[in-house]
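Written below as structure tokens is the structure these notes are about.
This one's a predicted model, so the numbers in the text were calculated from it and none came from an experiment. Residues: numbered from 1 along the sequence shown.
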Amino acid sequence: MQWIYLLLAGFLEVGWTFGLKYSEGFTQLVPSIVTIVLLAVSFMLFARAMRTIEIGVAYAMFTGIGTVGTVIAGIFILNEPADFWRLFFIAILVGGIVGLKLVSKDKPAPTDEQAEASSSIQERSTESAIRTNNKDREKVGT
């Protein structure tokens, strides 16, 4: 399921990239709203995918899907050039994305118990840092 989230996040990246163009620097209301919504949903799906997909692989695939999709959409929708070199490098990028998918290993999704334990550790660490900071302030004050 995480890979589907990542794929959808990448496709939505194409949408919000086009939205940036049509919002004309966020001066057009409707394209600006659509862009912000697509951006938020895209990043939520991307964050969800990173729960089990390695961060480097997830980010490379997210941006790669967005890049390839945006270039292809630009060619078909905006009549941007589709010369040999542009298509060649898009093919290399697709090859890299597929290669990363093939060599990546999914990590297990955190269970509720693990999430609670991690939260508890973070809280204790924060409390300890605050105590240490207060002690340092006391030393400086005396």
Notebook entry, point to check: When hydrophobic residues are tied together by side-chain contacts of less than 4.5 Å, even through go-betweens, does Val68 share a cluster with Leu102?
Noted result: yes

Note to self: Are Leu38 and Ile36 connected into the same hydrophobic cluster when the rule is that any two of I, L, V, M, F, W, Y join if their side-chain heavy atoms are below 4.5 Å apart?
What the structure shows: yes

Check: Among the clusters formed by ILVMFWY side chains lying less than 4.5 Å apart, do Leu6 and Val41 turn up in the same one?
Finding: yes

Notebook entry, point to check: Does Ala9 offer a backbone N or O that forms a donor-acceptor pair with the side chain of Ser42 under 3.5 Å?
Noted result: yes

Item checked: Co-membership, hydrophobic cluster, residues Leu100 and Leu8, 4.5 Å side-chain -> yes

Checklist line | Any side-chain heavy-atom pair of Ile75 and Leu87 under 4.5 Å | finding: yes

Margin query: Testing the basics here: between Gly66 and Val14, what is the closest heavy-atom pair and its distance to 0.1 Å?
Written below: O-CG2, 3.7 Å

Item checked: Tyr5 side chain near Phe46 side chain, heavy-atom distance below 4.5 Å -> no

Next item on the list: Assess whether side chain to side chain contact (heavy atoms under 4.5 Å, CB included) is satisfied between Thr67 and Leu93, documenting all intermediate values.
Entry: CA-CA 9 Å; Thr67 301; Leu93 189 54; 3.8 Å; yes

Item checked: Among Leu7, Val98, Ile53, Ile97, side chain to side chain contact (heavy atoms under 4.5 Å, CB included) partner for Met61 -> Ile97

Next item on the list: Fit a plane to each ring of Phe62 and Phe43, take the angle between them on a 0 to 90° scale, and name the class: parallel (under 30°), tilted (30 to 60°) or perpendicular (over 60°).
Entry: perpendicular

Next item on the list: Compare all side-chain heavy atoms of Phe18 with those of Ile77 and state whether any distance is below 4.5 angstrom.
Entry: yes

Check: Do Glu24 and Pro31 touch side chain to side chain, with heavy atoms closer than 4.5 Å?
Finding: no

Check: Would you find more than 12 non-hydrogen atoms of other residues, nucleotides or ligands less than 6.0 Å from Ile55 atom CD1?
Finding: no

Checklist line | Beyond-backbone contact of Lys101 with Val57, side-chain heavy atoms, under 4.5 angstrom | finding: no

Margin query: For Phe84, is the CZ atom crowded, meaning more than 12 foreign heavy atoms sit under 6.0 Å from it?
Written below: yes

Check: Are Gln2 and Met50 close enough that some pair of their side-chain heavy atoms sits under 4.5 Å apart?
Finding: no

Note to self: Test of understanding: clusters of I, L, V, M, F, W, Y form through side-chain heavy atoms closer than 4.5 Å, transitively. Do Ile4 and Tyr59 belong to the same one?
What the structure shows: yes

Notebook entry, point to check: Any side-chain heavy atom of Leu78 sitting closer than 4.5 Å to one from Lys21?
Noted result: yes

Check: Hey, what do you get for CD (Glu80) to OG1 (Thr70), rounding to the nearest 0.5 Å?
Finding: 9.5 Å

Note to self: Tell me if a side-chain donor or acceptor on Thr35 pairs with a main-chain N or O of Gly19 at a distance below 3.5 Å.
What the structure shows: yes

Note to self: For the CE atom of Met44 and the CG atom of Leu39, what is their distance to the nearest 0.5 Å?
What the structure shows: 11.0 Å

